[in-house]
2 protein chains.
Amino acid sequence: MKKKKKISMKDISKELGISITTISFIINKKAENKISKEVIKKVEDYIEKVGYKPNSSAQSLRTGKSKTIVFMAEDISDPFFSAIAKQMEEIAFNNGYKIIYCSTENKKERAIELLNLFKDRQVDAFIITPPEGFEDELKRLIYEEHQMVMVFDRYFDSFKHNYVVLENYKGAEEATRSLYSSGKRKIAFIGIESNLSPLVQRLEGYKNTMNSYQLQEYSLLIKFDQIKTLEGQKAIKNFLAQNPEIDAILFATNNLAISGLRVIKSKGLKIPEDIAIISFDDRDIFELFTPPISVIAQPVPELANELIKGTLQLMKTKETREVFYQKVLKGKLINRKSN
Amino acid sequence: MKKKKKISMKDISKELGISITTISFIINKKAENKISKEVIKKVEDYIEKVGYKPNSSAQSLRTGKSKTIVFMAEDISDPFFSAIAKQMEEIAFNNGYKIIYCSTENKKERAIELLNLFKDRQVDAFIITPPEGFEDELKRLIYEEHQMVMVFDRYFDSFKHNYVVLENYKGAEEATRSLYSSGKRKIAFIGIESNLSPLVQRLEGYKNTMNSYQLQEYSLLIKFDQIKTLEGQKAIKNFLAQNPEIDAILFATNNLAISGLRVIKSKGLKIPEDIAIISFDDRDIFELFTPPISVIAQPVPELANELIKGTLQLMKTKETREVFYQKVLKGKLINRKSN
DNA sequence: CTGAAAGCGCTTACAG
DNA sequence: CTGAAAGCGCTTACAG
């Protein structure tokens with residue numbers, strides 16, 4: 001097998017005696033009724049035969065489009081985000097796009113830094129999970145720098161933008177009701193100190209439901225960077241110690257639930273007899289836990305699909321500032337053995 | 001805030017009255033003793049001030065380098081691979097590289113397909129987790145297409161190549177010994193039907209250790225695509241039923257262990273009294289399991305580091321075919337409560 | 001120590 | 001229906 005030199009349009013042009021222009025038109029499907037059937041066939045066959053692929057750098061340079069999308073996740077190694085990423089990658093690739101991933105760790109500073117790094121490389125679109133306090137930056141990015149951005153998992157009310165998110169309020173409502181119908185009355189909510197939409201909506205959903213039952217609320221809000229730490233666990237432990245009557249907990253995120261589960265395990269509490277549990281977000285860990293934990297699962301395939309299809313679609317409709325893509329998907333309560 | 005048009009070298013050249021050549025040299029640190037200090041400073045200050053970033057498409061087109069690395073993982077949504085990916089991404093980015101991810105699902109056909117898609121786009125290097133039967137393709141990629149490739153997690157003996165892998169034999173040996181020293185004598189190995197190096201080495205490590213103790217071997221090898229399925233669980237269940245004396249199991253991968261754990265749980269076996277467990281690869285699920293499962297953990301940060309640093313380094317030493325980067329890192333036995 | 005100029009491989013307005 | 005030519009923003013061999 002000989003090493004084949006990379007072939008260019010010029011080579012094809014020479015070989016076939018057809019101008020580069022014509023070849024370019026054919027490749028980019030701009031042939032339409034401009035070019036004769038025979039020429040099209042001739043060129044396409046030849047391209048197929050030699051396996052020609054256009055040089056994407058040259059295309060980018062010429063068109064100003066890089067066929068690149070940046071996915072700024074909260075944490076790309078988190079099972080939720082990596083599952084989303086995997087599904088998007090495939091669809092994106094089939095549409096000729098590549099995706100670059102990065103993680104904000106939910107830190108505003110890091111997100112800004114990342115943004116600056118990417119802004120000047122040619123990026124066609126951003127899919128962003130904005131961290132706390134990123135509202136103004138996001139607004140600028142969209143309305144002043146005129147970047148194509150799709151917001152994921154959370155959104156802001158103060159300005160219009162594209163997003164795809166979960167129906168968080170309803171999810172929390174459904175979970176709380178489910179706990180109630182299991183006979184629990186001292187239902188607690190353990191969430192995160194945050195203004196991010198999913199977090200406030202989950203809390204709201206819980207609160208309003210408790211209110212409708214005229215039941216007392218118990219809620220604990222943990223700082224974001226304490227979720228996975230011993231401090232976080234301590235906070236949960238204290239909360240439980242101070243409110244020993246609590247007989248059910250709705251956890252606002254899976255990481256929160258994992259910390260909570262550690263505490264509950266160490267206290268020797270029985271699930272669901274002593275304390276019933278429902279958590280947002282599914283993970284294989286919940287299914288394997290003893291007993292299996294009930295969850296509000298996010299529809300990962302649908303989410304990924306909307307996200308990438310949506311941004312692909314928006315990029316096609318170019319500068320039409322009026323087109324907004326806003327999707328709110330339903331979560332699914334999966335009843336296992338913990339509630 | 002006004003929208004600033006993207007600035008190019010020509011703009012800088014005009015503004016400063018310095019030729020593009022000089023500016024290019026300065027930006028690419030090829031200034032050295034060719035350009036006067038003052039000019040360098042003047043240019044650098046200006047670049048800093050206006051926040052100029054070179055157009056990477058133009059650079060790619062000109063140099064033939066895309067500053068892109070493809071990471072072909074077995075499954076990028078698997079916690080092990082996504083953790084590796086996250087760490088590599090950061091280092092790569094700081095070195096001016098972007099990484100494109102994809103998943104082979106351990107299927108040869110898919111890997112070939114992926115490779116063809118990438119080959120003609122300019123990619124500077126591949127980091128590949130080769131699936132079963134990919135040996136010839138890999139060899140061709142390296143020796144005939146002269147691509148820069150770093151192999152991860154597994155390697156082949158039949159030709160020389162760069163790789164970073166775990167010391168699998170030693171890990172299996174250590175795990176088996178540990179099970180033995182807990183008093184277990186009917187120690188089983190549950191692995192995967194595969195010629196991939198880690199899988200055969202783990203089996204070897206187990207076998208030889210058992211042999212050195214003059215103990216009977218019990219091994220079950222499951223088909224790769226059955227690992228996470230009910231068939232896989234059924235195979236394990238049968239294996240255990242046919243060999244009721246088994247009092248310990250070494251699982252060759254975490255997914256295998258998860259399937260095994262389901263079976264053990266459903267059979268009501270007590271860990272470690274009835275049956276002791278050690279699994280390869282750590283996952284948070286093992287720590288939270290009841291009881292916490294002991295594992296041979298892979299050193300993820302070191303692995304990611306070697307992987308990306310290694311390929312960065314190899315790319316610098318360019319065409320020097322003699323340079324091989326081969327690293328074998330030690331796993332760590334973490335004793336929890338299952339052995 | 002510095003610069004003019006060619007050229008990487010495309011796309012696209014323009015001309016015929 | 002088809003083609004010649006400009007130009008995207010760089011890098012680098014060459015000349016001075």
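Chain letters run A, B, ... following the sequence lines, proteins first and then strands; every chain starts at 1.
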Full working for ring pair (Phe, Tyr, Trp, His ring centres under 6.0 Å) between A/Phe152 and A/Phe126: CA-CA 10 Å; A/Phe152 174 46; A/Phe126 290 88; over 10 Å; no
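- Of the listed nucleotides (C/dG3, C/dG9, D/dG9), D/dG9 has the atom at the smallest distance from the side chain of B/Asn55.
- Of all nucleotides listed (D/dT11, C/dT2, C/dC10), C/dC10 comes nearest to the side chain of A/Met9.
- As a whole-Å value, the separation of B/Leu61 CG from D/dG7 P is 17 Å.
- A donor-acceptor pair is defined here as one N or O able to donate and one able to accept, closer than 3.5 Å; no such pair exists between the side chain of B/Thr68 and the backbone of B/Val123.
- For the OP1/OP2 pair of D/dT11 and a distance below 4.0 Å, the side-chain nitrogens and oxygens of B/Gln59 include at least one atom meeting the criterion.
- Judged by distance alone, with hydrogens and angles left aside, the side-chain atoms of A/Ser24 form no donor-acceptor pair with the main-chain N or O of A/Ile20 at under 3.5 Å.
- Under 4.0 angstrom from either OP1 or OP2 of C/dG9 there lies no side-chain N or O belonging to A/Tyr52.
- Atoms CD1 (B/Ile12) and C1' (C/dG3) sit 16 Å apart, rounded to a whole Å.
- Of the candidate nucleotides C/dG9, D/dG3, D/dC10, D/dG3 has the atom lying nearest to any side-chain atom of A/Phe25.
- The residue among B/Thr21 and A/Thr63 whose nearest nucleotide of DNA chain D lies closer to the 5′ end is A/Thr63.
- A straight line from NZ of A/Lys10 to C1' of C/dT11 spans 15 Å, rounded to a whole angstrom.
- At a threshold of 4.0 angstrom between heavy atoms, the contacts of B/Ile18 are confined to the sugar-phosphate backbone, with no base atom among them.
- Using the Watson-Crick or G-U wobble rule with both distances under 3.5 Å, C/dA4 pairs with nothing in any strand shown.
- Side-chain N/O atoms of B/Ser36 include none lying less than 4.0 angstrom from OP1 or OP2 on C/dC1.
- Listed pair A/Ser19 / D/dG3 meets the phosphate criterion, a side-chain N or O lying under 4.0 Å from OP1 or OP2.
- Taking atom CD1 of A/Ile35 as the reference point, atom P of C/dT11 lies 13 Å away to the nearest angstrom.
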For a quick test of your reading: what N or O donor-acceptor pairs under 3.5 Å do the side chains of residues 99-106 of chain B make, sequence neighbours left out?
{"from": "B/Tyr101", "atom 1": "OH", "to": "B/Ala85", "atom 2": "O", "distance (Å)": "3.0"}
{"from": "B/Tyr101", "atom 1": "OH", "to": "B/Glu89", "atom 2": "OE1", "distance (Å)": "2.7"}
{"from": "B/Ser103", "atom 1": "OG", "to": "B/Ile76", "atom 2": "N", "distance (Å)": "2.9"}
{"from": "B/Thr104", "atom 1": "OG1", "to": "B/Asn106", "atom 2": "N", "distance (Å)": "2.9"}
{"from": "B/Glu105", "atom 1": "OE2", "to": "A/Lys86", "atom 2": "NZ", "distance (Å)": "3.0"}
{"from": "B/Asn106", "atom 1": "OD1", "to": "B/Arg154", "atom 2": "NH1", "distance (Å)": "3.2"}

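- Comparing D/dT11, C/dC10, C/dG3 against the side chain of A/Ala58 picks out C/dC10 as the nearest.
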